[in-house]
Amino acid sequence: MAGMWRALLSSGGVLGGLLALVLTGCEKVPSPEFRANRVEWVKQERLNLETDQHLPVEYRTQVDTLLTSLFGTPDDPRLPAFYGESDPLGAIISLERLKQAAGPVSSDEQGRHLGLYREHCAHCHGITGDGAGPTALALYPYPRDFRLGKYKFKSTPLRRPPTDDDLVRIIRQGIPGSAMPAFTTLPEDEVLALVDYVKYLTIRGEYERRLVAELPGLEGEPLVDLNVLRSAQPKPSAAEGSAAAAASEPTAEQTALDEQLQTLVGEYLYEEIVERWSDRDDAITEVPAPPAELMSAAAPPAEWVAKGRDLFFGKANCVQCHGATGLGDGQTQNYDDWTNDWLKTPGVDVLSRQTYQHFLEAGALPPRPVRPRNLRVPVYRGGNAPADIYRRIANGIEGTPMPSSPSLTPEEVWAVVAYVQAMPYERLSGGDAAAAAPQAGSREVSGK
Amino acid sequence: MTAEGFSLNGGSDDVAAEHRTSRNPLVRFLGTWVFSRDHKMIGLQFLFSSLIWLAIGGLLALAIRWQLAWPWTEIPIIGRTLFAAEGGQITPQFYNVLFTMHATIMVFFVVVPILTGAFGNYLIPLMIGARDMAFPTMNMLSYWLMWPAFGCMIWAMATPEQGPDFGWTAYPPLSVLFGDAQSLWTLGLVFVGISSMLGSINYITTVLQLRAPGMTLFRMPMTVWGLFITAILQAFALPVLTAALVMLLLEKVFQTGFFLPNGLEANAIQPLDGSGGQPLLWQHLFWFYSHPAVYIMVLPAMGMVSDMLSCGARKPLFGYRPMVYSMIAISGLGFIVWGHHMFVSGMSYFLSVSFMISTMLIALPSGVKVFNWLGTIWGGKLRMDSPTLFGLGFISMFIIGGLSGLLMAATPVDMVITDTYFIVAHFHYVLFGSSILGVFGAIYFWFPKMFGRMMNDFWGQVHFFLSFIFVNGTFFPMHFLGARGFLRRTADPYVVEGFRDLLPVNQFITWCAFGMAAAQVIFLINFLGSLFWGRKADANPWRANSLEWTIPNCPPHGNFASIPEVYRGPYEYSYPGHDSDYWPQSEAPA
Amino acid sequence: MYRFWGLLFLAVPVVGTLIYLLAMLGIAPFQGLGLPPNYNEAGVEIDHLYNLIHVIMAVVFVATGLMLGGLIWKYGARQELGARYFTHSNLLELTWSVAAAGILVFLSLYQLNSWAENKLERPQVEIAGRTEPQPPLAKVVAKRFGWEFYHAGPDGRLDTPDDVYVENVLRVPHGEPVVLQLESRDVIHSFFVPGLRLKQDVVPGMQHFVWFKATSPVELEIICSELCGWGHYTMQGRMQLVSRADYDRWLSEQSPWKQFAAEGEQE
């Protein structure tokens, strides 16, 4: 019996110890925070300062505080609402949808899913939308870094933000050939919430870059006075009435802050960034009506295909990157804009890792070349529809070496589209123009 | 040849002399505790490493269960150490790593090493009356080759991708897509394969050549039969796996084109283009080993359970020869059933029919064994102690696991349930419910011989009771999940609307899994505590017949003062007319 | 104590069978724990086989489980009597081996028909006076992480430019045999439709054919059931079963130039 008591006591003791150990792991993880764009930071230092010179550390806190006061945190997002009720950002992003997409994964009493971004997107795109989540390294191509504000597959031309429909489409259909899955079965409201959150991260990220780019020029002067900023009241909305506004007399520092914010927020954020987002729907590239012969035929007619092939090898110069075989082996050492953004900093050589070690330490992902599309496989990341292919050729693909083609007339672009459509079915050997017409009923799997 | 006449080059006695009399304390220490060539020490080394990996593999399983019960919530410990920046939830990539490593660890670092490495090493020479294994140095190598494997796996989990993510089945092209973790995993398993192959050669030679006089093959305990047949399985199947792993490594590193076909459009760092390779080739090679592997993982446990049950029921094993023949049949048939893992894989459907037939047939010897165990208990005088209980638990769970196998053998039904939780339920019943419970029983049973002390039997029974309840609670509902089509290896199955109502079932399973883990803590405490404070045991506390019980506990080098002579089989319990209810094999006839 | 253990082991067949019965009858909280409804003609045989094997399993399970529990209950008590020295019985071995073998051989033969129906006997059609394997209605291309469906266009053939391409939603007619061609872009996936009892691994470099005859116009889930990477769990599609007339109408309305035709009509 003594043995049993000893057994009980010792097991109790060890169990208790284990429980204590386990419970320490049960503390709630602290709320995640947005990661500062340190790659941009390092880049600005390399561009503007001497080697080994650094920007003052105080700038970090200032930038962080400004961003947090304007945009909130991953668990508690905010919209700047700099202009109160009629703030243009309110027309672009809905705060309610934002709150649905933000925060930890959970459900509310009505059974609405919350924390959508963290459930579906954060592990690749990162909590900050920097494309460097935990899974990112295992993917090729890397997930999109929203903070540059560039998107590859959209209906608007270069340097214009995508429309909401573009973003919805990407979430719903995924991007074939990449690791972006198709979230076909998400309900409409959840997709829209995610779209708003993506826009939110993009605008926040673009704004952060703009602020950091400003820092070297300040030459040590503070970006913003933190004490005043922290004590500043948010601008009352018109609904709260001018009584509240009149209640507090602005101090001298507050006036100075207002002036600063007019530049920092009003100019850098609203004029330079938000405005581009406000009128993107006007910028949609209208795809002109295709020639009637293309629309009516089951397969692209031979003369259009021939014309397209001539352009492919000639004026449009697709062959340079896509290769004479169309397999995408023409240029294999280009990098996309998200990599070139820091890779092109003077002193960095992609072949020598030491020259960009500090960028990697700041959080940049190891550079990987961007490959031209293999056109022999009918998989197009931006979509298979002829209109999609038209847009890729006409507008290019922003962020990649795929250029727009201003020198091609609409008819010429349609010819190239016809050729691209025919390419997967083209016989690669023994071909003249006639033989290169698509083989009806061919079942070959190899050679693609 | 007998043990007396066989000269062991550098045999145990010489080995003992060498390191014991060395002046250098380090050499003495290393020679006794680290690089020992004594089969018993090597067996214990395997035992301890395997138990540590059992704990690690079990924790990984708990993380998997957490994710399935409370998807995308903060996971304790892993959440704060690895994923704090994203809010503590795991990523889908990491979930894939979790189940890959859980399975790899359990199969290659726990079940096989504990059965063949720990018990095989410890028991075979003792039970057949030999002084040591036939090749003691190779035996030591066999253990130490596991350490590079451990290192590779740990290193794989330290890579940026956090570990291999392609499931323990490692189907290409997925397993050659990207990352050092994949290569490290493959390399680690090559080491495990070599280690096991060396061990199997050792066991086969020892059993065939070093039996004591009078120890005919049909007087060997079932434990030795189980281990012997397992060794043959390993010797023939492992070379195929090792070759396949080398091919996989070459495929990954040098793009040799064994498994990758043309025209892939995978998103991977290097353009993934094979040259007419065939992904199915890997599956055939892999399953050619991995099916016999499952018998490797159960036959020794079957043998040990036979011994423990027979001793616990004070009755001869019912149908000794049929049991041996069944084991031989299982292992022989086990080489021609591998295709039942591949019914929907795209291999020829005619081939599926032949595999279906052999799979159906293999149910027969398994069933015969179950009936024989029931026959062993019938008419017995059951002693309800921990080893017996675990033996009985083995039978109960093996019945369930084996019967569910019948559904999988039927190809049209297998088409519906493969890759679902039905399969998960099946193999956990046979691997956890049967093999591991058998291992636990064996630990309780041979603990006194290994360490000279008894494990606490009351807590052993508590351990059994809780494990039994919770194993059933965890894995029985999985049959139903699988019938609904609930898929395995999915980080968030509830994306599929049709599965959302299965969340409560999953939560129930997770709670049972936690209970199961808690029950193992009792075992851990019992095991560690008994090492130091257990009641001292005499040489034959279970009153068993086989040879290891005739020598003192913690046997010395060389095991037997003089090689025993064997007069009878190992199951002479309650022999009519004999004065005691057991009759050791080496006791001279009156 | 032996009684306690005897009861524990007896509980296994009792509770197990009870739960199965409750699940079959759909009694809460065990409702929804069986096979999902089946909408494939060839799936009826599969379900039948599933149930038959369950019955056989149940008989063996209950018999052996009761025996195990009962033996523990009875022979745990024999502390005063000795054990019986009973080593073997060739008659018993023969009996149960033959019985088990009989059941197994029966099952092996019994299921051959279903397997052939599902995997070996592709529907045949008459084309130009010859009996040929029915051509596929659509090509299913699995990729990381979604499904691409290429319907054979008006020309009835796949891999021609008039193929209709749809992402993730597969529309097929019900009430007639449908053949699908499966391919993969990258790694091994698996085309699994639980409601049709249909599963086929899709191996890159190979072409697979599956067929079924759906019985009702329902919407079913398509799930990928072979690990293909981190997004394996997101790889989900929908199968919409519609009438042949609806399908034909839908197909004729599909054209890559659809949006321009609409605009043209508007002008």
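Just so it is clear: chains get the letters A, B, ... in the order the sequence lines come, proteins before strands, and each one is counted from 1. Note that the coordinates shown come from a computational prediction; the quantities given were computed from them, not determined experimentally. Side-chain atoms are counted along with the backbone in the values below, which use heavy atoms only and exclude waters and symmetry mates.
- Residue C:Trp5 touches chain B through its side chain alone, counting heavy-atom pairs closer than 4.5 Å.
- Looking at B:Met415, the atoms closer than 4.5 Å to chain C (heavy atoms on both sides) sit in the backbone and in the side chain alike.
- Interface summary for chain B: among C:Ser190, C:Pro204, C:Ala11, C:Ser114, the most heavy-atom pairs under 4.5 angstrom belong to C:Pro204.
- Options C:Leu196, C:Ile188, C:Val193 differ in how many heavy-atom pairs under 4.5 Å they form with chain B, and the most are formed by C:Ile188.
- In this structure, the portion of C:Leu112 lying under 4.5 Å from any heavy atom of chain B is its side chain and not its backbone.
- Heavy atoms closer than 4.5 Å to chain B are found nowhere in C:Ser184, neither backbone nor side chain.
- For the set C:Phe9, C:Phe61, C:Phe192, C:Tyr50, the entry with the most heavy-atom pairs within less than 4.5 Å of chain B is C:Phe9.
- In this structure, chain B has no heavy atom under 4.5 Å from any part of C:Tyr110.
- With a threshold of 4.5 angstrom between heavy atoms, C:Leu182 does not approach chain B through any atom at all.
- Per-residue counts of heavy-atom pairs under 4.5 Å with chain B were compared for C:Gly32, C:Pro194, C:Pro13; the largest is that of C:Gly32.
- Looking at C:Glu93, its side chain never comes within 3.5 Å of a backbone N or O of B:Pro322 through a donor-acceptor pair.
- Using a 4.5 Å cut-off between heavy atoms, C:Phe4 touches chain B through its side chain atoms alone.
- Among C:Leu92, C:Leu33, C:Val202, C:Thr234, the residue with the largest count of heavy-atom pairs under 4.5 Å with chain B is C:Leu33.
- Across C:Gly229, C:Gly65, C:Ala100, the residue that shares the most heavy-atom pairs under 4.5 angstrom with chain B is C:Gly229.
- Aromatic pair B:Phe480/C:Phe30: ring centres not closer than 6.0 Å.
- Only the side chain of C:Gln236 comes within contact range of chain B, with at least one heavy atom under 4.5 Å from a heavy atom of that chain.
- Atom CD in C:Glu226 sits 6.5 Å away from atom CZ in B:Arg489 (nearest 0.5 Å).
- Contacts with chain B (heavy atom to heavy atom, under 4.5 Å) involve these residues of residues 38-47 of chain C, listed by number: C:Ile46.
- In this structure, the portions of C:Ala101 lying under 4.5 Å from any heavy atom of chain B include both its backbone and its side chain.
- Shown here are the salt bridge (charged side-chain N to carboxylate O under 4.0 Å, His left out) partners of C:Glu219, two or more places apart in sequence or in another chain: C:Arg238.
- With rounding to the nearest 0.5 angstrom, the CG atom of B:Leu406 is 8.5 Å from the CD1 atom of C:Ile103.
- With hydrogens and angles ignored, the 3.5 Å screen pairs no side-chain donor or acceptor of C:Lys199 with any backbone N or O of B:Val344.
- Separation of atoms OG (C:Ser225) and CZ (B:Arg488) is listed at 11.0 Å; rounding is to 0.5 Å.
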